[in-house]
Trainee: 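One structure, pasted below without further comment.
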Amino acid sequence: MLDLTFETPKPKVIAGATGDWELVIGLEVHAQVASNAKLFSGASTTFGAEPNANVAFVDAAMPGMLPVINEFCVAQAVRTGLGLKAEINLTSAFDRKNYFYPDLPQGYQISQLYHPIVGEGEVLVDMGPGVARRVRIERIHLEQDAGKSIHDMDPHFSFVDLNRTGVALMEIVSRPDIRGPEEAAAYVGKLRQIMRYLGTCDGNMQNGNLRADVNVSVCRPGDYEKYEATQDFSHLGTRCEIKNMNSMRFIQQAIEYEAKRQIAILEDGGEIDQETRLYDPDKGETRSMRSKEEAHDYRYFPCPDLLPLEIEQGWVDDIAATLPELPDAKKARFVSDYGMTEYDAGVLTADVGNAAYFEEVADGRDGKLAANWVINELFGRLKKADLEIEDSPVLAGQLGTIVELIAKGDISGKIAKDLFEIVWTEGGDPADIVEARGMKQVTDTGAIEAAVDQVIADNPAQVEKAKANPKLAGWFVGQVMKATGGKANPKAVNEIVSAKLGL
Ligand code: ADP
Ligand code: MG
């Protein structure tokens with residue numbers, strides 16, 4: 001596989017009153033498995049359905065109902081693991097995590113504490129061209145989501161919606177390898193990108209498809225290196241966990257706030273309580289939810305309703321054989337195949353839909369020119385219209401034809417922009433439009449010469465000035481372009497103007 005070389009970014013440093021501090025961050029990301037049915041029932045996972053429309057008896061924990069594992073969800077977790085270059089555990093097992101909550105009718109969540117389905121993996125977090133952080137994945141386990149309590153629909157009652165109850169989640173646990181707020185957001189972004197390529201999670205953060213618990217601690221410069229060398233956590237500071245973050249921006253803000261809060265306590269001679277905190281985006285601060293002493297004892301035990309999950313290596317290999325080209329490989333290939341910069345390759349591969357669109361435009365054509373048009377014209381225009389690539393009025397085939405017309409010299413870059421606008425609003429075959437509307441570039445030197453002669457004859461005073469100051473030749477080029485409706489080949493015009501003026 002192609003691999004780009006990279007260097008490791010510096011950790012974020014915060015200057016305190018007593019010296020510098022560094023940040024250490026580990027994330028537990030909850031990613032909803034892209035699947036039509038829930039983890040242990042056939043109920044639908046459709047978002048936005050009527051409350052309690054998608055609830056099977058087992059989701060509602062009716063007595064005597066038994067969970068039946070959804071093979072597709074297991075395959076999705078394996079696929080995700082393979083995409084994160086992780087070890088796949090052929091034997092895993094489900095445990096009950098016991099706690100009471102009104103939106104958890106079973107009284108326990110089925111999860112995988114002791115034997116997760118996916119073991120150690122890694123992800124490269126891009127922090128700019130040539131700079132990336134390697135973040136180790138500790139494990140991925142499968143678990144059920146809980147339902148939703150609704151407290152703001154009635155002044156006297158709370159309501160429970162069990163549609164989400166039992167939906168499959170993958171909990172992706174990282175090592176504390178992330179060293180700053182931007183890196184944490186970029187890490188979530190990279191996971192999301194990879195899972196969208198794999199088709200294993202939609203990654204829609206507004207819908208709660210992807211949420212993260214963010215663990216933050218601070219240490220002195222040099223301490224992290226000691227931890228790295230020994231994997232001994234005692235070199236690191238005590239961490240706090242900020243629960244349930246569902247926006248990249250809030251993740252960054254919460255980490256920033258939390259690090260400063262911890263530094264202030266430590267510099268005051270205090271100690272950090274290991275606690276679970278919540279981020280309040282309105283106030284821009286985290287506050288305590290519960291401390292370690294109040295931490296739940298979940299009384300985990302193996303779920304007696306489910307046999308250990310045994311999968312076969314052959315099945316895993318079959319899934320591996322269907323893995324698509326992933327972002328890092330695609331980016332490296334774009335750089336080498338199309339000769340574009342790593343930055344441009346990063347932009348084009350950010351979303352799997354964008355990458356596919358670009359490759360269709362570039363197919364058999366000038367790759368650099370195609371990249372330029374997709375990034376600058378198309379993306380700019382889509383952004384202005386607030387549209388996704390899937391809804392682009394200009395199809396990849398149409399933009400490809402425009403690129404071809406430019407490359408062949410049939411139209412100038414300027415006319416191409418007008419053509420793009422026409423295709424955007426009216427549709428149609430760009431080549432036909434160029435023919436029908438006479439937009440073809442004039443490369444016929446005879447016609448250009450005639451236009452140049454005309455401009456020279458009409459402007460004797462300008463000719464004298466230009467002879468004294470050759471920079472004024474540009475004015476003649478402009479006049480000729482105007483006279484030819486922008487269709488004259490600019491290079492030819494330049495040459496002919498210079499020759500005729502004797503410059
Ligand atoms: P628990 O079982 O209590 O959830 P884990 O050891 O599994 O604890 O860690 C949970 C998360 O916290 C992991 O993502 C891990 O990387 C992170 N983490 C552990 N120690 C630290 C630390 N000192 N600073 C920041 N993050 C940490
Ligand atoms: Mg945890």
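Numbering of ligands and ligand atoms starts at 1, following listing order. Any value given below was found using the heavy atoms of this structure, including those in side chains, with hydrogens, waters and symmetry copies removed.
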Trainee: Testing the basics here: between L323 and G83, what is the closest heavy-atom pair and its distance to 0.1 Å?
Mentor: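 Scanning both residues, the minimum pair turns out to be CD2-N, 4.2 Å.
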Trainee: Pull out every atom of ligand 1 sitting under 4.0 Å from any heavy atom of L27, numbered as shown with elements.
Mentor: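 Close to L27: 14 (O).
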Trainee: On a heavy-atom basis, which atom in G199 and which in A34 lie closest, and how many Å separate them?
Mentor: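 Scanning both residues, the minimum pair turns out to be O-CB, 3.7 Å.
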Trainee: So if I count the atoms of ligand 1 from 1 in the order they appear, which ones are less than 4.0 Å from some heavy atom of V173?
Mentor: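 Those of ligand 1 that fall under 4.0 Å from V173 are 13 (C), 14 (O).
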Trainee: What atoms in ligand 1 come closer than 4.0 Å to a heavy atom of L236?
Mentor: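 Checking each atom against L236, I get 23 (N).
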Trainee: Show which atoms of ligand 1 fall inside a sub-4.0 Å distance from at least one heavy-atom site of V24.
Mentor: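 Those atoms are 24 (N), 25 (C).
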Trainee: Can you label the angle between the F40 ring and the F94 ring as parallel, tilted or perpendicular, going by 30° and 60°?
Mentor: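 The arrangement is perpendicular - the two ring planes meet at more than 60°.
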Trainee: Do the ring planes of F358 and Y338 sit parallel (below 30°), tilted (30 to 60°) or perpendicular (above 60°)?
Mentor: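 Aromatic pair F358/Y338 classed perpendicular.
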Trainee: Decide whether an N or O pair under 3.5 Å exists between S174 and ligand 1.
Mentor: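 Yes - when backbone and side-chain N and O of S174 are compared with those of ligand 1, one distance drops under 3.5 Å.
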Trainee: As an exercise, identify every atom of ligand 1 less than 4.0 angstrom from a heavy atom of G237.
Mentor: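 So the answer, numbered in order with elements, is 23 (N).
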Trainee: As an exercise, identify every atom of ligand 1 less than 4.0 angstrom from a heavy atom of F233.
Mentor: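 What qualifies from ligand 1 is 19 (C), 20 (N).
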Trainee: When you check the side-chain N and O atoms of Y227 and Q231, is any donor under 3.5 Å from an acceptor?
Mentor: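 The answer is yes; a qualifying pair exists.
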Trainee: Minimum distance, heavy atoms only, to atom 3 (O) of ligand 1: which one of E138, R175, R239 is it?
Mentor: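 Answer by nearest heavy atom: R239.
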Trainee: For P176, is at least one N or O under 3.5 Å away from an N or O on ligand 1?
Mentor: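 Yes, since at least one N or O of P176 sits under 3.5 Å from an N or O of ligand 1.
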Trainee: Of the listed options (T276, N215, L113), which comes nearest to atom 11 (C) of ligand 1 when hydrogens are ignored and any heavy atom counts?
Mentor: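 The option holding the nearest heavy atom is N215.
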Trainee: If you measure only the distance, is there a donor-acceptor pair under 3.5 Å linking the side chains of S158 and H151?
Mentor: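 Yes - a donor-acceptor pair under 3.5 Å links their side chains.
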Trainee: Is the positively charged end of R96 above the ring of Y300, judged by distance under 6.0 angstrom from the centroid and angle within 45° of the axis?
Mentor: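 Judged by the rule (NZ or CZ under 6.0 Å from the ring centre, within 45° of its axis), R96 is not positioned above Y300.
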